[in-house]
Student: 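What follows is a structure written as structure tokens; I'll ask about it next.
Please read all numbers here as calculations on a predicted model, not as lab measurements. Every chain is numbered from 1, with letters handed out A, B, ... down the list of sequences.
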4 protein chains.
Amino acid sequence: MTPPDPTPAGTAHVPRWERRKESRPAELLAAALELFVERGYAATRLDEVAARAGVSKGTLYLYFESKEELFKAVVRETIVPLIDAYRRDVEGSGEPSAVLLERFFREWWERFGATRLAGLAKLIIAEAGNFPEVARFFHDEVIEPNGAVLAAIIERGVARGEFVPVDVRTSVHLWMAPLVLKAIWAHSLDALCPAASRVEPEEFLVAHARLVLASLRHGGEAQPRPGC
Amino acid sequence: MTPPDPTPAGTAHVPRWERRKESRPAELLAAALELFVERGYAATRLDEVAARAGVSKGTLYLYFESKEELFKAVVRETIVPLIDAYRRDVEGSGEPSAVLLERFFREWWERFGATRLAGLAKLIIAEAGNFPEVARFFHDEVIEPNGAVLAAIIERGVARGEFVPVDVRTSVHLWMAPLVLKAIWAHSLDALCPAASRVEPEEFLVAHARLVLASLRHGGEAQPRPGC
Amino acid sequence: MTPPDPTPAGTAHVPRWERRKESRPAELLAAALELFVERGYAATRLDEVAARAGVSKGTLYLYFESKEELFKAVVRETIVPLIDAYRRDVEGSGEPSAVLLERFFREWWERFGATRLAGLAKLIIAEAGNFPEVARFFHDEVIEPNGAVLAAIIERGVARGEFVPVDVRTSVHLWMAPLVLKAIWAHSLDALCPAASRVEPEEFLVAHARLVLASLRHGGEAQPRPGC
Amino acid sequence: MTPPDPTPAGTAHVPRWERRKESRPAELLAAALELFVERGYAATRLDEVAARAGVSKGTLYLYFESKEELFKAVVRETIVPLIDAYRRDVEGSGEPSAVLLERFFREWWERFGATRLAGLAKLIIAEAGNFPEVARFFHDEVIEPNGAVLAAIIERGVARGEFVPVDVRTSVHLWMAPLVLKAIWAHSLDALCPAASRVEPEEFLVAHARLVLASLRHGGEAQPRPGC
DNA sequence: GATGAATGAGTCTTCATTCAT
DNA sequence: TATGAATGAAGACTCATTCAT
């Protein structure tokens, strides 16, 4: 009837906790990212972050000076590796620009849209008013560089006569938007709605590429409208 | 044929979300909307809402039972009039579907994208995890009906042979995304960044319409790719 | 067997709390002074301050921004009225300087030594390292002005030939010290020790005056030492 | 009838406060003394004590059971050697009592007033409310014995007709006070104020001795006041 | 022994909510 | 009805103490 002795004679000693200086920060950041994305900055309790990372509240403060610092670290540490890898991998080639473009979108989706960055983007958009420096960091380190890559592809395509001329800056915004919103959506309303009404990412990606390429082959303005 | 006055004696109108008496300070809702959008739900203090509305904190509780109820009322009261007006106004006509479509986007922007609904959308996306009912309300009352209108236009265009056949559900998402994201952005990063890097809404709208119409005239798949 | 209903029918309503905006700050300051003097700054819990003042913890923050501000307010509000009254009252007269001097010491004791200022002095001495601005305020507003009054009396006595010449600055320190230490002591060790070993203030004051006046009549240096 | 010797094997010395093994880092006590004096008990963090002593926080606990024990050890270990040496050195002689008295004050200053005991005194006065046993220890081991030595000198002087009769207990307090306060002050306000307004210890000591001796030669009461 | 990572009780502080006025 | 003083539960953060290494 008595509960078994938790540390009976002859049983291997089960330490109450372990020292894991190396792995703690990453675990804490992961837990914090999840919760920040789920609930937003203010509604996230550090207790829960700690609990989700399997440590006590105090341990958090061994690694991060404050909630705000934790937040900034989450942003930084999530973004930087993604961006660094991205920068290394996006490179020129001799292929047709349309192929480059399609690959760009697909890669973006795989590297960003389908990763934790998507949740982070939602978070940063939501907290831009409260954390302008963070928003600016995100803008400068993620949005701008990514836009520059896309712009380069467009310009190449135009220069080589593969694409009709377009306004590059506008196009970047216009073409990224569906992917970005889709990615954000996945961490928001999609989590609540019956899968039925959702469009599958693959399907969405294909349609998106088709839309963009259609406009690049024919433009949208010069052509006579059907029936006119 | 006009809808009955919403709150006279002997009212028949029973809205999904209860309406409260007309005398309630709309200033409170306006102040709350602003602050919720600026800072998010949790970071908004009722003190400030009251102050911005020019009343005392206690007065807030004469009109709203709690912070959560205030939030829901903000969502409800911001959305419902917009949607109600929208429903009355979007009607069929004999014009070409391309014209309808262009008008639809422009009207959407003017009625929603450039209004407080945009901030609300950002807010709801951010708080979807904390307020699933609100998110669902938004989905059911705003996103779905709006999508249905757009879908109807597409279907009409296809039926009349004005548009190439497309997958309607995907297209709705794909085409709304740039407008939606642009609207959200205005309440987030755009508020921080130098105007220089921004694309003007008018320019954006035009480019967007061009993009969409291009794809509807030619589709994106049948054409041989350049270089093939 | 049931406890009597705390608010039975027919009983006057006993409010859970009262609004006492005017008197709260003074009550809080009094409670805080007591506890700060008893335990020091760091060891004083705001809960206890609030409890001693008969309010809840949150109420404290309606009147003082933080523990530190409360501390500074305690110092300021305890000192300023005492000093202000003191300044009004200490005035010249035609009496012999010895009489002035005796009265000065006695008044000092009654106005400061035997009041809450004594505890405050102990506190400030103890916290000088942690709150240098407070220490400086005390020095500038209490110690210096008081020393100046005493110095004026001494100088008058010397000028009128009533006192032998002395170094004024040194004398001020030398003569204040017994009174100051006695005052501090009352809030420290004296509270613990059997009354037996203590010297009564009255007796102490008389002895102190005698000591000072003796030195002013004869000085201490010119006289041949006994046995020399 | 004697209690069993707690530290047997030929030891005779049974101090009131247990001594711990010699190897214990005196650096810890020194660091702790400094910090306790600077900031007070509660505001001193063990981290800092350890850091200042050049060891890790954990090491502290190898030598002291708790912060409170460390505090008590600091008091004990600072006081006991000083007092022990003092007791050995203060001895009778055939010199005039005035010389004894002057020497007593000067020695007190050099042995106590100008040493770390001064800071400790400030600390104990401040913490008397929180650590009554410590305060009592200080009273019994430092204040009382020191007062007894001074009392003995006074009594000797009176007995030999060198001094006018005085109330011994009162005089002890009265005469120690300037030295004690001066010593405390050096660890408090003096650390903040421009040296200009301070009186040099040497000057102060001389003036103090003069004051005391003047009163002992003539008393303060029998003489006609000037002008009477 | 020595270290310092981990713990968690305890504090300050905030703010949604209540209620005397 | 309107106010804002008062409340108290909750959350960020600290730090004495423990214990795996």
Student: Taking the side chain as C-beta and beyond, is there a heavy-atom pair between Val74(B) and Leu70(B) under 4.5 Å?
Tutor: yes
Student: Of Gly58(D) and Glu18(C), whose nearest nucleotide on DNA chain F comes first from the 5' end?
Tutor: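 Mapping each residue to its closest nucleotide by heavy atoms, the 5'-most match is Glu18(C).
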Student: Relative to the 5' end of DNA chain F, which residue comes earlier, Thr44(A) or Thr44(D), by the nucleotide with the nearest heavy atom?
Tutor: Thr44(A)
Student: Whole-Å distance between dA16(E) P and Leu60(B) CG?
Tutor: 10 Å
Student: Sequence neighbours excluded and cut-off under 3.5 Å, please list the side-chain donor-acceptor pairs for residues 42-52 of chain A, or say none.
Tutor:
from, atom 1, to, atom 2, distance (Å)
Thr44(A), OG1, Leu35(A), O, 3.1
Thr44(A), OG1, Gly40(A), O, 2.7
Arg45(A), NH1, Ala42(A), O, 3.4
Glu48(A), OE1, Arg39(A), NH1, 2.8
Glu48(A), OE2, Arg39(A), NH1, 2.6
Glu48(A), OE2, Arg39(A), NH2, 3.4
Arg52(A), NH1, Glu34(A), OE1, 2.5
Arg52(A), NH1, Glu38(A), OE2, 3.3

Student: Starting from P on dA6(F), measure out to CZ on Phe64(C) and report it in whole angstrom.
Tutor: 12 Å
Student: Classify Tyr63(A) by what it touches in the nucleic acid, base, sugar-phosphate, or nothing, heavy-atom distance under 4.0 Å.
Tutor: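 It contacts sugar-phosphate atoms only.
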Student: Report yes if some heavy atom in the side chain of Ile79(D) is under 4.5 Å from a heavy atom in the side chain of Phe137(D); otherwise report no.
Tutor: yes
Student: Using heavy-atom distances to pick each residue's nearest nucleotide on DNA chain E, tell me which of Gly54(D) and Asp47(C) is more 5'.
Tutor: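 Upstream on the strand: Gly54(D).
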Student: Choose from dT7(E), dC12(E), dA5(E) the nucleotide whose nearest atom is closest to any side-chain atom of Lys67(C).
Tutor: dC12(E)
Student: For DNA chain F, just give me the dot-bracket, please: Watson-Crick or G-U, both distances below 3.5 Å, ( ) intra-strand, [ ] crossing earlier pairs, | paired with another strand, . unpaired.
Tutor: .||||||||||||||||||||
Student: Measuring from Tyr61(C):OH to Lys67(C):NZ, what's the distance to the nearest 0.5 Å?
Tutor: 8.5 Å
Student: If you only use heavy atoms from C-beta on, which nucleotide in dA6(F), dT3(F), dC12(E) is closest to the side chain of Leu46(C)?
Tutor: dC12(E)
Student: Check if the side chain of Arg19(A) and the base of dG4(E) share a donor-acceptor pair of N or O atoms closer than 3.5 Å.
Tutor: yes
Student: Before we go on, tell me: are the rings of Phe71(C) and Phe64(C) under 6.0 Å apart, centre to centre?
Tutor: no
Student: Would you call Glu133(D) and Arg136(D) a salt bridge, using N to O less than 4.0 angstrom?
Tutor: no
Student: Nearest to the side chain of Trp17(C) - dA6(E), dT21(F), dA6(F)?
Tutor: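 So the nucleotide nearest the side chain must be dA6(F).
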Student: Spell out yes or no: do the side chain of Lys57(C) and the base of dT13(E) have one donor N/O and one acceptor N/O closer than 3.5 Å?
Tutor: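 When only heavy-atom distances are counted, Lys57(C) does reach the base of dT13(E) through a donor-acceptor pair under 3.5 Å.
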Student: Of the nucleotides dT17(E), dT3(F), dA12(F), which has the atom closest to the Arg45(A) side chain?
Tutor: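 Of the candidates, dA12(F) comes closest.
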Student: Using a 4.0 Å heavy-atom cut-off, does Leu62(C) contact any base of the nucleic acid, only the sugar-phosphate backbone, or nothing at all?
Tutor: base
Student: State which residues pass side chain to side chain donor-acceptor pair (under 3.5 Å) with Ser56(B); sequence neighbours excluded, sorted by chain then number.
Tutor: Thr59(B)
Student: Any idea which of dT18(E), dT13(E), dG8(F) is nearest the Ser56(C) side chain?
Tutor: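 Nearest to the side chain of Ser56(C) among the choices is dG8(F).
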